[in-house]
Amino acid sequence: MTIPREHYLQAVFPTPFHPRTAAVNTLNVWHRWRDYTVADAYFDVALEYTALRNACTVFDLSPMTKHLITGPDALAFMNRLVTRDVAKVKPGRVGYTVWCDDAGQVVDDGTIFHLRDHVYRLCSQERQLDWLLGSSHGFDVSIVEETHDVAALALQGPTSCALLKRLGLAGIETLAPFGMRSFAFEGGELMVSRTGFTGDLGYELWIDPELAVPLWDRLFDVGQVVGVKPMGTLALEMSRIEAGFIQAGVDFLPADRAIRADRTRSPFELDLEWLVDFRKGSFTGRRALLEERTRGSRYRLVKLDVEGNKPAKDAFIYDRRRRNVGVVTSALWSPAAKANIALASVQMPFGAPGDELWAEIYYQKELKWSRFMARCTVVEGAFFNPARRRVQPAGDC
Amino acid sequence: MTDPGTIVIVGGGHNGLVCAASLARAGRKVLVLEAADQVGGAAVTREFSPGFRVSSGAHLLHALDPVVERTLKLASHGLAFARTGLNTVALGAGDPLILNGAQVLAGEVSATDRLALAQYVSRQRRYAALLARQHGRIPSRLGAGFSVIRLFGGGANNRITENPAPMPWSLAKFAFDLRRLGRADMRELLRVGTMPLYDLLEDRFENAQLKGALALDGVLGARLGPRSGQTFFTSLQRAGAYGLPRGGMGTVTGALAIAARAAGAEIRVSSPVASIRVATREDGGEHVTGVVLESGEEIAAVTVVSNADPKTTFLKLLGARHLDAEFVRRVQHFRTEGCAAKLHLALDGVPQFRGVPSAQLGERVIIAPDLGYIEAAFNPAKYREFSPAPVLEITVPSLHDPGLAPPGKQVLSAVVQYAPCDLAGGWDAGRPRFLAATLDVLTRYAPGLRAQILDAELLTPVDLEREFRITGGHWHHGELALDQFMMLRPVQGAAQYATPLEGLFLCGAGSHPGGGVMGSAGRNAARVVLAGRRT
């Protein structure tokens with residue numbers, strides 16, 4: 001199936017999986033993700049989340065922005081673009097990264113798929129073609145946005161590997177985290193990467209849009225016995241906060257969208273220092289980040305364990321109940337961690353690990369609003385980080 | 001093997017030489033590498049026809065930095081003038097109008113116009129003096145959050161800049177200079193500073209030739225017409241008196257070269273630089289390690305100062321990959337599209353412009369008869385076509401400086417506009433057609449000229465680009481406009497002569513205060529290098 005691109009006739013398109021996602025969307029709730037319509041939820045957010053953590057779920061990832069970067073200078077281009085050393089992402093491997101503007105402020109985050117020598121796929125939350133082309137002067141590379149040409153599903157959860165084995169992907173359990181491998185599928189190629197946005201054992205499946213519907217059908221044919229369910233964006237949002245993953249436009253503002261100088265964040269300010277490799281040589285933002293390392297950062301992203309069970313969504317953060325030092329960017333009561341968790345951006349020097357902060361939480365019961373100050377503890381590491389996510393070979397449940 | 005402590009200067013144009021001389025005088029070892037077989041860049045004298053010599057780039061000196069002239073003792077190194085204070089002879093439908101500053105020496109100009117001219121010129125000189133005071137200052141660096149509104153004391157409630165950066169020092173001085181103009185002048189400058197000359201001149205003057213002559217100052221060397229915005233501002237760059245160095249512009253740069261050598265600088269000609277060499281330190285930081293010549297020879301240096309234009313320096317010699325992406329994008333967007341051509345004629349006798357007294361034939365003769373004519377000449381340039389009836393700024397330097405031509409012969413040098421560097425169809429096909437159009441206009445005012453022509457050379461922007469290695473053939477290395485001025489010249493991040501790359505500096509006309517044979521950029525760059533400043 002070729003996706004029509006006559007945008008003047010239609011602003012939002014169905015994804016290649018739409019014939020199937022529409023059929024199972026019993027709630028009929030949809031929202032727009034870039035050029036596409038996707039489901040908020042299919043049958044019940046809590047049950048979809050429960051399926052993810054206890055069996056496995058399929059999430060339609062097709063609207064994710066994808067770029068294909070090829071050419072003799074592809075590695076040099078990637079290394080100048082992003083903050084980490086792309087030379088360490090070997091062929092057949094995937095790496096998470098961020099990229100910055102000249103001021104060292106994060107433009108976006110995404111994943112680099114090193115498909116083969118001189119060929120990379122860069123997946124991003126935002127549209128980045130203009131930024132990539134603008135960064136390509138002086139490099140012998142070709143950059144193509146291929147969002148519409150690649151259909152993708154995230155298959156996540158403890159039984160995801162078992163499902164893929166039942167699909168006939170021989171040896172899939174030996175695929176290491178952040179590895180990828182291709183398999184034959186109905187006359188085409190199915191690329192499988194052990195990646196995801198849920199913090200769980202899981203895979204992402206990349207395929208020609210023509211084979212999207214057959215893939216969906218096969219997954220649900222062989223997956224019934226391992227409990228596969230479709231999952232919408234709302235349950236994904238729960239899982240990514242539990243995993244401690246940040247989201248562009250939610251936990252940070254992409255630098256190229258910011259008007260006000262203090263609204264952007266550097267990798268250091270997003271707890272992503274591990275992604276910045278100064279030793280690899282020049283990259284966009286390097287000078288500014290070096291300066292920041294000397295001068296100190298303005299903010300930091302913290303993970304909070306919040307007292308009580310009222311989600312601290314959008315809550316102001318206080319130091320000793322008096323001084324406003326930050327704001328919660330993402331929060332929920334986590335069923336997996338059995339904790340009230342939040343991601344917050346706070347001014348330095350507040351929010352060191354173990355520090356006590358306070359969240360001003362507003363909540364309502366039957367239209368009556370109440371406010372209370374919840375004690376928060378700054379914690380390190382993901383809120384939910386099961387061993388099955390990393391174990392090799394991957395387990396069956 | 002060169003001492004790596006040597007400062008290498010890429011390009012021996014006037015700014016490169018000023019920079020070299022300044023650094024050498026401060027005791028630094030300096031090596032100037034010039035691509036051409038003589039120093040001078042676009043301020044040179046060369047033979048264009050056997051026995052005929054001409055200033056092949058800039059042909060009038062009107063902005064030479066007095067500090068450069070004094071401190072480098074250019075007079076004692078050979079700089080002499082064949083003529084200073086040239087009149088402007090504005091040709092038109094009627095009798096020529098002869099001007100010198102606020103004075104009207106000939107022509108039918110009403111008393112009202114004379115009064116308006118006196119006011120206009122006096123105010124322009126005050127504004128030009130204000131700009132000239134900035135020439136020797138290193139432009140301020142604008143940090144994130146800086147608000148230009150604060151420059152004028154406002155912006156207390158400016159929500160965009162909640163964490164305003166402190167007022168940078170040289171900008172504060174500029175603001176102080178602005179205030180010192182006095183209330184009336186400052187307000188007037190803020191009112192007209194970005195205006196098109198067309199509107200301003202139509203408001204104040206009656207005489208069409210006078211308006212044409214004044215408008216030419218705002219558009220010469222620019223891709224602008226009188227109706228374009230900020231042409232009043234660009235006209236302030238040409239408020240100085242016009243002079244002809246004896247022996248052509250090559251004398252100016254020749255004197256600079258002597259001054260530089262006297263101070264200990266080494267100058268090598270016919271040594272085009274192919275690339276600037278970069279190394280990565282253990283910690284990942286990149287720095288300059290020298291240059292590689294087109295011959296393959298490598299010259300080590302921890303400091304390289306580029307007199308080349310910013311696009312050549314960053315995109316060709318250095319390479320975009322050593323720079324941040326947004327910086328590169330700004331460099332790419334630096335407007336460098338040259339629009340002025342240069343005409344050189346070898347003449348068998350003095351050209352006779354109709355109605356011009358013979359004593360005035362060697363002055364600065366201009367063909368810009370009225371505002372509409374100039375604007376009409378500019379219009380095709382917008383669509384990559386040349387002017388069918390161009391505007392000209394003409395000099396016959398051999399009348400003052402007989403050594404430029406064989407006895408009894410003359411040299412005519414003219415700036416001809418508009419000739420867009422990116423001419424549709426290319427300049428190989430366009431050159432003869434534009435030469436014909438130019439000669440048609442010239443013979444309209446000097447009917448006997450065609451018969452006097454022994455040889456002709458027309459340098460289009462493409463030829464200027466090739467001869468002087470300036471991107472777009474733009475004599476300012478890039479439009480000298482408000483958005484490419486002071487701390488925005490050439491681009492934010494390289495406007496203080498230091499560049500983002502450790503050890504690399506700029507010193508050319510692409511930096512503040514810009515083009516015209518001035519030398520201020522070279523002088524300022526030397527100060528920055530000596531101070532060991534980094535961006």
Side-chain angles (χ1 to χ4, degrees), chain A residues 72-85 87 99-105 107 128 130-141 143 255-256 258-264 266 276-295 298-299 347, chain B residues 141-148 155 158-165 275-276 278-289 310-334 491-495 498-504 534-535:
Chain A
D73 279 345
L75 172 60
F77 167 81
M78 292 300 289
N79 253 338
R80 197 291 206 93
L81 175 76
V82 306
T83 55
R84 70 182 288 174
D85 187 357
W99 49 101
C100 296
D101 64 7
D102 289 16
Q105 304 299 297
V107 172
Q128 294 294 337
D130 180 61
W131 186 265
L132 299 181
L133 291 174
S135 296
S136 69
H137 182 92
F139 291 93
D140 186 3
V141 286
I143 299 164
D256 55 347
I259 294 168
R260 295 163 180 83
D262 64 343
R263 298 301 198 263
T264 58
S266 76
V276 181
D277 186 345
F278 288 113
R279 296 163 64 91
K280 70 169 178 165
S282 101
F283 60 89
T284 299
R286 184 182 183 278
R287 277 161 43 89
L289 291 172
L290 262 180
E291 199 182 310
E292 180 181 337
R293 203 173 58 170
T294 315
R295 169 176 48 80
R298 305 161 300 168
Y299 304 95
Q347 293 165 24
Chain B
R141 184 181 168 202
L142 299 188
F146 174 76
S147 163
V148 81
N158 182 355
R159 294 177 56 210
I160 305 287
T161 56
E162 287 164 19
N163 298 316
S275 64
I276 294 167
V278 176
T280 308
R281 274 193 307 261
E282 182 96 326
D283 66 2
E286 293 189 338
H287 60 102
V288 163
T289 60
K311 280 187 180 166
T312 300
T313 304
F314 291 122
L315 305 181
K316 288 185 194 156
L317 300 181
L318 180 61
R321 64 182 61 196
H322 302 293
L323 300 160
D324 283 359
E326 288 179 299
F327 179 85
V328 169
R329 203 186 282 217
R330 285 198 291 273
V331 171
Q332 286 177 282
H333 290 176
F334 184 58
V491 296
Q492 188 207 330
T499 71
L501 186 71
E502 189 184 323
L504 179 64
R534 293 180 54 183
T535 301

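Chain naming here is simple, since letters A, B, ... match the order of the sequence lines and numbering starts at 1 in each. Treat the numbers as computed from the prediction; the structure is a model and nothing was measured.
Of the listed residues (A:D101, A:L290, A:L81), the greatest number of heavy-atom pairs within a distance under 4.5 Å of chain B belongs to A:D101. Chain A forms more heavy-atom pairs under 4.5 Å with one residue of B:L501, B:V278, B:L315 than with any other, namely B:L315.
The side-chain heavy atoms of B:R321 and A:D73, taken from C-beta on, include a pair separated by under 4.5 Å. In this structure, A:R80 and B:V328 have side chains that are in contact, with non-hydrogen atoms separated by less than 4.5 Å. Annotation: side chain of B:E326 is not in contact with side chain of A:V107 (no heavy-atom distance under 4.5 Å).
Here the closest non-hydrogen pair linking B:A325 and A:D102 is N-OD1, 3.5 Å. The shortest non-hydrogen separation linking B:G284 to A:R286 is C-NH2, 3.0 Å. When all heavy atoms are compared, the tightest approach of B:R329 to A:D130 is NH2-O, 3.2 Å. Taking each heavy atom of B:L323 and A:S282 in turn, the nearest pair found is N-OG, 4.5 Å.
For A:F283, the part lying near chain B is the backbone, with the side chain staying farther off; criterion is any non-hydrogen pair under 4.5 Å. Interface residue A:A76: only side-chain heavy atoms are found under 4.5 Å from chain B.
Distance check, rounded to the nearest 0.5 Å: CZ of B:R281 to CZ of A:F278 gives 13.0 Å.
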